[in-house]
Every structure is written in C-alpha cells, then in structure tokens.
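Heads up, the thing below is written out as structure tokens.
As the structure is a prediction and not an experimental result, all values here were calculated from the model. Values below: all heavy atoms of this structure, side chains included; hydrogens, waters and symmetry mates excluded.
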Amino acid sequence: MPQWQHITYSNQITTEHYGKQITVGGWVQDLRNLGGISFLQLRDREGVIQITSLKKKNKELFELVASLPRESVVLVTGMVKESKEARAGFEILPDRIDVLNRAEAPLPLGVVDKVGADLDTRLNNRFMDLRKEEVRAVFQVEAKAVEGIRQFLLGNGFVEVHTPKIVAAGAEGGSTLFPIKYFDRNAYLAQSPQLYKQNLMATGFDRIFEVAHAYRAEASDTIRHIAEFISLDVELAFIESSEDIMAVAEGIAVAGIEHVRAHAQKELEILGAKLESPSAPFPRVKYKDAVEIVKGQGMRIEHGEDLGTEGEKALGEYMKREKQCELYFITEFPTSLKRGTFYAKRFDDDPETTGYFDLDYRGQEIVSGGQREHRYAVLTEQMRENNLNLESFDFYLKGFRFGMPPHGGFGFGVERYVQKMLGLSNIREAVLYPRDRARLVP
Ligand code: AMO
C-alpha cells in the first residue's frame, strides 16, 4: 500500500521496526494507569497497538496520556520495542503524542463493551458501531463478494452500465413505488433497472450488468426487506432458454463466495463464519416439486401459492438435510404467480408455466429472473392482462418494435446474499445505513 497517510498500520509493523521510531494513528480504545506506568491500547484499521508510557521517563507525556478520554484520536510517535507481555509481541514507547481530536464522554455506544447493544441503538450510532472490527468485517466481506462477482462478469464479456434511478414508470407493481417530485412532473425512484436493462438488449450491448440501489416502499417490517437495497442486475441477449440465465446466476454466486474465501479470511474468522466452496451446478427444483417438499415438511400450501418466508425456510432445511446443499434454484414458476411480472416469457407449449426461477441461499430467495417475452405482440398482450397503460411504457415498448433479440436476466440481492453468507439474523446488519419504514436517519 502506498504511504499516503504517513502513518504505519499496526499490521505493517515487523521485527525490522524494533528499535526504530515510527508514527501510528488511531483511537484510544482503552487505558490502564498503574501509577508509574500506563498502557494505552490504540486501535487503527488493522488492529490494536500497545503504547507504554513511563512517568519517570517523561512526566508531561505521561499526564497527557492519563487525561485522554476513550475513543479520542491521537498520533503517537515513538520507538517500537519487543514485548513479551503485549499481545502483538511489541509495544511503542512514545516520544510525542498529538491529540487530533478529544472525544466527549460518555460515549453514545461502547466499542469494546462485552454487553451488546440492541440493533436500533447500534444503527442510531452507526459510526461508533462501525469501530467494532466484527461490524466492519461484514462490509469488508460485502466488498470482496462484489469484487469477485465484478471480476467474474467482466472476465466473461459483460459491460458495467448505469441506468437512471429517477424514472417515469415502475416495473415491479405500483404498490412499492416511491413517488417523488420531478420539477413540475411526478416521477418515482427506480424499483429495478428492469425496463432499461431490457431496452439495452436492443442496442448491441448483449451482456450487461449494473450494481446500484433499488428502492421499494415495503410496507411490512421484516428481517429481509429494506426500502433501499443493492440490486446486482444482469441481462444477456441471444439466449435459448432460462437455463442460460441460470448459468450466469450460478457463476456469480460461486464467484462471490470463492473471492471472499480467498481474500477475506481474516474477516470470516473475526465473524466466526464457516464458508465452504459451493458445488455447481446447483440443484434445480421445479416449483411444483418444491410445493410437495414444503407440504411434506408439514406446511399448508396449495399449488399456485407463493412459498413465502416459511415455505422457503422449510425448503432450505430439506435441501440442507437431504441434499447437503445451501444454494439451489426453484424453477418453472407458474404464470399465475408471475402474472404481475408482465415481461416473463411463458412456455409456448404450456402458457400456464414460465421459465422463471429463483435462486435460494440457506432458505431465502436471493435472486429472481428468467427469460423475457421479446415478441412485441405477446408482450403487449401480457401488459394489457396486467391492466398496464401502454403509453407510459412507450420508450420500453419501442425497443421491441425495431429489432429485439431473445434475452433474459435477473436481479441479485447483494445484502441478502451477504446476510445468508454470514448467518446474520437481520438484513439491516448488512447495510451501512439502512432505510426502512421507520428509519430515515442516519
Ligand atoms: P425481484 O423483485 O424478485 O426481481 O428482486 C430481485 C432480488 O432483489 C432482492 N430484493 C430485496 N432485497 C432487500 N430488500 C428488498 N425490499 C428487496 N426486494 C428485492 C432479492 C430479490 O431476489 N426486475 C426483477 C429482476 C429480474 O427479473 O431481472 C426484480 O426486481 O434478493
């Protein structure tokens, strides 16, 4: 790493530094004062360094250290000395301490307290909460997962695109749209890049992806829904069936996990998360068989009904127990269930069924997609069936009238993926600053 910040990180200090002077910077995590000697635990992004001060060596400096409130930010310049007692194997004997920012007391949230605060208090003081290494580790894992997925997609000829988040029409049903004022017109926050990614299939960009926020006015308060989530969207053209799309979804689910396993080992350890290499191809369970499995688990469900949270969970338990498998597709969703998805292609020889699929991870849907209806006449018919006003979809529909190849894609919920990967009980733990019905700040 280039030395932009002119400080040495705790994990960069080696035996080579012993006997030499360096500068470290960070937060005062803890301070033990034994009268003639004090031990300050200084936390930086990589770990904790012990700063040992002796009163007889420098009284003024000793008193400055003693006066430091917890979580203040300091720069410490001093000599690195081997130490059997310090956890890192060395300590720093300070020659100079610059107090860059003195923290107020009491703290709104403890950083090293053993007693955990509730999620609301943590989220209300997120900057403080993020000082805990196990909280930051979640976002390091998320960054590595997305990095692995990006590498996979870029390596396979996909182009990263950015579509508008201020839109004139929704694609995922009106009830979850956030209306906004757009100059003197009404507009909405995008629920999904759906219309744009399909429109791009008419351009020659035949493999695209986007990683961006999507917005849903989800009325219910659940552990897997938020109002602003990261949707990793993929679309590709010249496909033969939904199977071609599933292969990409499978590839990115594996790529993200493998990249985390390879590049976030320390974070996985901090989080105590066990992550095994998934074996591909993932099993494909037809929707109609999934219903039977869920029924066999004692749940009351009829063919044509949504599996719902409980059904997905029951299927997840079954797949784990019987197939030792945590990632699996549910395929061939009935048209009746996907009817709101006006753009889903129905099977030509069985219009009651679509090639649409979900990818579930440990009993929760993380991806949904399939082959689209690319024939203008059939598409407009399906839109009319959904009582959609075709005029408000003019730009979208035009794309189908002048040369649109067969295509398909999916939306991949990044936070749900990370939530399941790390076994987090609430999706909000995988969002830096979550948005939901109750939360708009911070
Ligand atoms: P869908 O609505 O199923 O499909 O969303 C795709 C994936 O996005 C994630 N997701 C959410 N995550 C957190 N909070 C939410 N409120 C939320 N809503 C959705 C889930 C889900 O599987 N346009 C289609 C995709 C496509 O066909 O290309 C769509 O948006 O992980």
Side-chain angles (χ1 to χ4, degrees), residues 119 123 135 137-150 152 172 176 190-194 209-234 245-246 248-257 259-260 264 267-268 271 273 275 278 282 290 306-317 319-320 325-330 333 356-370 409-437 439:
L119 187 58
L123 293 175
V135 179
V138 172
F139 299 97
Q140 271 146 358
V141 166
E142 185 167 294
K144 285 295 164 200
V146 174
E147 183 179 280
I149 292 171
R150 266 212 176 87
F152 170 83
E172 308 302 322
T176 65
Q191 295 161 312
S192 151
Q194 186 65 37
F209 75 101
E210 174 164 18
V211 187
H213 275 138
Y215 301 90
R216 307 253 171 119
E218 303 279 2
S220 51
D221 180 24
T222 80
I223 54 162
R224 58 188 213 157
H225 288 94
I226 35 181
E228 182 180 57
F229 67 97
I230 307 168
S231 188
L232 195 149
D233 275 89
V234 167
I245 311 291
M246 277 188 260
V248 184
E250 195 169 81
I252 70 172
V254 172
I257 292 173
H259 202 73
V260 167
E267 286 75 17
L268 289 176
L271 289 158
L275 200 55
F282 304 157
D306 210 327
L307 294 184
T309 311
E310 289 310 310
E312 284 175 25
K313 227 163 107 184
L315 182 65
E317 282 158 15
M319 293 303 285
K320 179 79 191 162
C325 161
E326 300 186 323
L327 281 151
Y328 42 89
F329 288 104
I330 308 173
F333 272 91
Y356 260 59
F357 65 85
D358 281 359
L359 172 61
D360 283 26
Y361 188 12
R362 296 179 170 166
Q364 180 172 284
E365 175 204 320
I366 59 162
V367 178
S368 173
F410 56 83
F412 177 106
V414 172
E415 293 97 341
R416 282 196 186 178
Y417 179 58
V418 172
Q419 180 192 3
K420 286 287 134 182
M421 190 187 290
L422 299 177
L424 306 174
S425 56
N426 192 318
I427 192 170
R428 289 162 184 76
E429 290 181 61
V431 188
L432 281 172
Y433 301 97
R435 291 284 173 269
D436 60 31
R437 212 183 153 84
R439 186 172 288 282

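- Taking Arg437 as the reference, nothing meets the salt bridge (charged side-chain N to carboxylate O under 4.0 Å, His left out) condition, with sequence neighbours excluded.
- In this view, Phe357 and Phe329 satisfy the ring-ring contact (aromatic ring centres under 6.0 Å, His included) rule, not counting sequence neighbours.
- Within the 3.5 Å criterion, the main-chain N or O of Thr176 finds no donor-acceptor partner in the side chain of Tyr215.
- Closest non-hydrogen pair, Glu365 versus Arg416, comes out as O-NH1, 3.0 Å.
- A search for side-chain hydrogen bond (donor to acceptor under 3.5 Å, both in side chains) contacts involving Ser220 returns nothing, not counting sequence neighbours.
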Apply side-chain contact (heavy atoms from CB on, under 4.5 Å) to Ile230 and Leu232, showing your working. CA-CA 6 Å; Ile230 307 168; Leu232 195 149; 5.7 Å; no
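- Here the closest heavy-atom approach between residue Ala430 and residue Leu424 is recorded as CB-CD1, 4.0 Å.
- Under the ring-ring contact (aromatic ring centres under 6.0 Å, His included) criterion, Phe412 pairs with Tyr417, not counting sequence neighbours.
- Residues meeting the side-chain contact (heavy atoms from CB on, under 4.5 Å) test with Glu326, sequence neighbours left out: Lys320, Tyr361, Arg362.
- Under the rule for a side-chain hydrogen bond (donor to acceptor under 3.5 Å, both in side chains), the partners of Glu172 that lie at least two apart in sequence or sit in another chain are Tyr343.
- With a 4.5 Å cut-off on side-chain heavy atoms, Ile330 and Leu307 count as touching.
- For Phe209, the ring-ring contact (aromatic ring centres under 6.0 Å, His included) test picks out no residue, with sequence neighbours left out.
- Distance check, rounded to the nearest 0.5 Å: CG of Asn426 to CD1 of Ile226 gives 9.0 Å.
- Annotation: side-chain hydrogen bond (donor to acceptor under 3.5 Å, both in side chains) contacts of Asp360 (sequence neighbours excluded): none.
- Annotation: the span from Asp358 atom CG to Gln364 atom CD amounts to 11.0 Å, rounded to 0.5 Å.
- For His225, the ring-ring contact (aromatic ring centres under 6.0 Å, His included) test picks out no residue, with sequence neighbours left out.
- Here Gln140 pairs with nothing under the side-chain hydrogen bond (donor to acceptor under 3.5 Å, both in side chains) rule; sequence neighbours left out.
- Shortest non-hydrogen contact noted between Ser192 and Ala214 is N-CB, 4.4 Å.
- The salt bridge (Lys or Arg N to Asp or Glu O under 4.0 Å) pairs that include a residue from residues 217-229 are Asp221-Arg428, Arg224-Glu312, where partners are two or more places apart or lie in different chains.
- Formation of a donor-acceptor pair under 3.5 Å by the Asp436 side chain with backbone atoms of Arg439 is found in this model.
- Nearest heavy atom pair, residue Glu429 against residue Leu119, reads CG-CD1, 3.9 Å.
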What side-chain donor-acceptor pairs closer than 3.5 Å can you find for residues 141-149, not counting sequence neighbours?
residue	atom	partner	partner atom	Å
Lys144	NZ	Glu147	OE2	3.3
Glu147	OE2	His259	NE2	2.7

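- Note that CD of Gln191 and OG of Ser231 are 11.0 Å apart. Values are rounded to the nearest 0.5 Å.
- For the residue pair Leu327 and Pro278, the shortest heavy atom distance occurs at CD1-CB, 3.8 Å.
- Phe410 and Ile252 make their closest contact through CE1-CD1, 3.6 Å (heavy atoms, listed as atom of the first residue, atom of the second, distance).
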Check against side-chain contact (heavy atoms from CB on, under 4.5 Å), Leu422 and Leu275: CA-CA 8 Å; Leu422 299 177; Leu275 200 55; 5.9 Å; no
